[in-house]
Participant: 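Next up is a structure, given as structure tokens.
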2 protein chains.
Amino acid sequence: MELTIDPMNRSSPVPALTDHLGYWLRLVSNHVSAGFARRLERHGVTVAEWVVLRELLDVDALAPSRLADRMGMTRGAISKLADRLVAKALVDRQDDPQDGRAQTLALTAAGRRLVPRLARLADANDAAFFAALASRERATVEAALRKVVAQHGLKHRPVD
Amino acid sequence: MELTIDPMNRSSPVPALTDHLGYWLRLVSNHVSAGFARRLERHGVTVAEWVVLRELLDVDALAPSRLADRMGMTRGAISKLADRLVAKALVDRQDDPQDGRAQTLALTAAGRRLVPRLARLADANDAAFFAALASRERATVEAALRKVVAQHGLKHRPVD
DNA sequence: GTCTTTTTGTTGACTAGGCAACTTACTGCT
DNA sequence: AGCAGTAAGTTGCCTAGTCAACAAAAAGAC
């Protein structure tokens, strides 16, 4: 390929950035996330914090390390993230009485109250961004993305 | 909605993270970018640096501020990014003789040599990630994403 | 029962970006 | 010509991650 003789010096038609599906994915994804971040900002919450809150809603209590696994972040990051959420009184951190190393994170009453409001923002953001797509089209895209996730066994890594 | 009477306490079925298309987008996008970053790592280049190099390939010389516009980054970020690329001898920074404020960035010979190799990594990464999709399916996804981009007039913002 | 290994969470150094203040230089108005 | 306004690039401070070293505690080996 690159060894092909090319007297006219046009041997390497380097593909454009936009030739990769990953480019479009990242472009749209970054805008969707940034848009959501803007909406969350008014509530003093970041996207990563939202994910924690939403995760905690279902489980009632979760070890930071489990959260790290679920979110695809390091324990160090979760440690600091939890600090912030505790400071905002949205999350309660408690030592595990069974295991001196372990902790457990849970929503406070305020956190539990906030989640549904933020969920509505998430709905609105998604709807606004993908309004251009017919619902059939949206389903197709989601199916394709799920297929990619399945094929590569991608673990949750919603935040960078 | 949240005012609906609900004696069973099931009034707010808060949607799951996975109910949003944006979630899947971000999950896949982050993995694709992280995968690409890993491939680039061996060449001592980051994804943002790759984007700069690829942009410069077409134009031969570009002002940092134009680059900032194209990449959706601040001038401050471009300033530092250019520093790194100059340090790696992949980019040449030159003062504009016409305008005492302005500069111009251009690929060095080494930079120009590197781009096609990195482009191959980009191709490989994209192909590997989306191998699960039929080419028709890939085209559908790309069309949908382009539609979203068009409807919102999204400017280039490939890097966070 | 002790000693090694593993696990849990924290911390500090580092990175890459944003934002805003700043310097320098050009532009346009009069 | 001079001066206000604007544009280009740099810098310092901030944020939110990673990574690796660490302390404390539990688990496992024997």
Side-chain angles (χ1 to χ4, degrees), chain A residues 26 29-31 33-38 40-41 44-52 61-88 91-106 156-160, chain B residues 26 29-31 33-34 36-38 40-41 44-52 61-88 91-106 155-160:
Chain A
R26 198 174 44 168
S29 168
N30 285 348
H31 274 281
S33 288
F36 187 34
R38 261 199 349 271
L40 287 176
E41 206 169 24
V45 169
T46 67
V47 175
E49 287 165 7
W50 149 251
V51 174
V52 171
L62 196 60
S65 55
R66 310 291 289 139
L67 203 48
D69 292 345
R70 277 169 175 272
M71 294 182 62
M73 290 174 60
T74 64
R75 298 178 180 200
I78 296 294
S79 188
K80 295 162 186 169
L81 195 40
D83 285 349
R84 281 178 255 141
L85 286 165
V86 168
K88 291 176 188 172
V91 162
D92 184 41
R93 183 191 252 139
Q94 231 176 297
D95 287 340
D96 184 334
Q98 321 293 324
D99 184 337
R101 301 165 296 181
Q103 300 175 356
T104 171
L105 300 175
H156 293 259
R157 170 177 287 281
V159 184
D160 273 319
Chain B
R26 198 174 45 168
S29 168
N30 285 347
H31 274 281
S33 289
F36 187 34
R38 261 201 348 271
L40 288 175
E41 206 170 24
V45 169
T46 67
V47 174
E49 287 164 8
W50 150 251
V51 174
V52 172
L62 196 60
S65 54
R66 313 291 288 139
L67 203 47
D69 290 345
R70 278 170 174 272
M71 294 182 61
M73 289 173 61
T74 63
R75 297 175 182 204
I78 296 293
S79 188
K80 297 161 188 170
L81 195 39
D83 284 349
R84 293 191 305 258
L85 286 166
V86 168
K88 291 176 189 172
V91 162
D92 185 40
R93 183 192 253 138
Q94 230 176 298
D95 286 341
D96 183 334
Q98 321 293 322
D99 184 338
R101 302 165 295 181
Q103 300 175 356
T104 171
L105 300 175
K155 300 297 296 170
H156 293 259
R157 170 177 288 281
V159 184
D160 273 319

Participant: Just how far, in rounded Å, is P of C:dG18 from CG of A:N30?
Facilitator: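 It is 11 Å, rounded to the nearest whole Å.
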Participant: Please state how far atom CG in A:D95 lies from atom P in C:dG9, giving the value in whole angstrom units.
Facilitator: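 It works out to 10 Å between those atoms.
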Participant: Under 4.0 Å between a side-chain N/O of B:Q98 and OP1 or OP2 of C:dC26, yes or no?
Facilitator: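 For C:dC26, OP1/OP2 do not have a side-chain N/O of B:Q98 under 4.0 Å.
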Participant: Which heavy atom of B:A61 sits nearest a heavy atom of B:A106, and at what distance?
Facilitator: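 Heavy-atom minimum between the residues: CA-CB, 4.3 Å.
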Participant: Between the side-chain atoms of A:K80 and the base atoms of D:dT18, is any donor-acceptor pair under 3.5 Å?
Facilitator: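 Side chain to base: pair found, below 3.5 Å.
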Participant: Write down the distance between CG (B:D99) and C1' (D:dT6), rounded to a whole number of angstrom.
Facilitator: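 Computing the B:D99:CG to D:dT6:C1' distance gives 12 Å.
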Participant: Whole angstroms only, please: what is the CZ-C1' distance between B:R93 and D:dG9?
Facilitator: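 So the CZ-C1' distance, B:R93 to D:dG9, works out to 9 Å.
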Participant: Send over the distance from A:L85 CG to D:dG17 C1', rounded to a whole Å.
Facilitator: 15 Å
Participant: Quick one: does B:R93's side chain get under 4.5 Å of B:D83's, heavy atoms only?
Facilitator: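 Result yes, sub-4.5 Å side-chain heavy-atom pair found.
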Participant: From CG of B:L105 over to P of D:dA8, roughly how many Å is that when rounded to an integer?
Facilitator: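 Nearest whole value for this atom pair: 14 Å.
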Participant: Under 4.0 Å, counting only non-hydrogen atoms across every strand here, what does B:G76 touch: a base, just sugar-phosphate, or nothing?
Facilitator: base
Participant: Out of C:dA13, C:dC19, C:dT10, which nucleotide sits closest to the side chain of A:S79?
Facilitator: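 Looking only at heavy atoms from C-beta outward on A:S79, the closest nucleotide is C:dT10.
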Participant: Please find the pair of heavy atoms, one from B:P64 and one from B:Q103, that lie closest to each other, and give the distance.
Facilitator: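 Reported closest heavy-atom pair: CG-OE1, 3.5 Å.
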Participant: Report the distance from atom CG of A:D69 to atom P of C:dT7, rounded to the nearest whole Å.
Facilitator: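 Rounded to the whole Å, the gap is 12 Å.
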Participant: Between D:dG17, C:dG18, D:dG9, which one does the side chain of B:M73 approach most closely?
Facilitator: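 It is C:dG18.
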Participant: What is the distance from CG of B:D96 to C1' of C:dA25, rounded to the nearest Å?
Facilitator: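 After rounding, the reported distance stands at 12 Å.
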Participant: Below the 4.0 Å mark, does D:dG9 have OP1 or OP2 next to a side-chain nitrogen or oxygen of B:S65?
Facilitator: yes
Participant: Base, sugar-phosphate, or nothing for B:R66, non-hydrogen atoms under 4.0 angstrom?
Facilitator: nothing
Participant: Does any part of the side chain of A:E49, heavy atoms only, come nearer than 4.5 Å to the side chain of A:L40, both counted from C-beta?
Facilitator: no
Participant: If you compare every side-chain N and O of A:T74 against the phosphate oxygens of D:dT18 (OP1, OP2), does one of them come in below 4.0 Å?
Facilitator: yes
Participant: Distance criterion of 3.5 Å, no angle test: do you see the side chain of A:R101 paired donor-to-acceptor with the base of D:dA24?
Facilitator: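 Flag unset: no donor-acceptor pair detected.
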Participant: Please determine, for the side chain of B:P64, which listed nucleotide (C:dG18, D:dG9, C:dG9) has the closest atom?
Facilitator: D:dG9
Participant: Counting only heavy atoms not in B:R84, do more than 12 fall under 6.0 Å of its CZ?
Facilitator: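 Enclosed: over 12 neighbouring heavy atoms sit under 6.0 Å from CZ of B:R84.
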Participant: Tell me which of A:R84 and B:D83 sits closer to the 5' end of DNA chain D, going by the nucleotide each one is nearest to.
Facilitator: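 First, find each residue's nearest nucleotide; the 5'-ward one identifies B:D83.
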Participant: Are any of B:R75's side-chain N or O atoms less than 4.0 Å away from OP1 or OP2 of C:dG17?
Facilitator: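 So the side chain of B:R75 is outside the cut-off, no N or O lying under 4.0 Å from OP1 or OP2 of C:dG17.
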Participant: Please examine the side chains of B:L81 and B:M71, heavy atoms only from C-beta on, and report whether any two atoms are closer than 4.5 Å.
Facilitator: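 They are in side-chain contact.
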Participant: Between C:dA16, C:dC19, D:dG9, which nucleotide has the shortest distance from any of its atoms to the side chain of B:Q103?
Facilitator: D:dG9
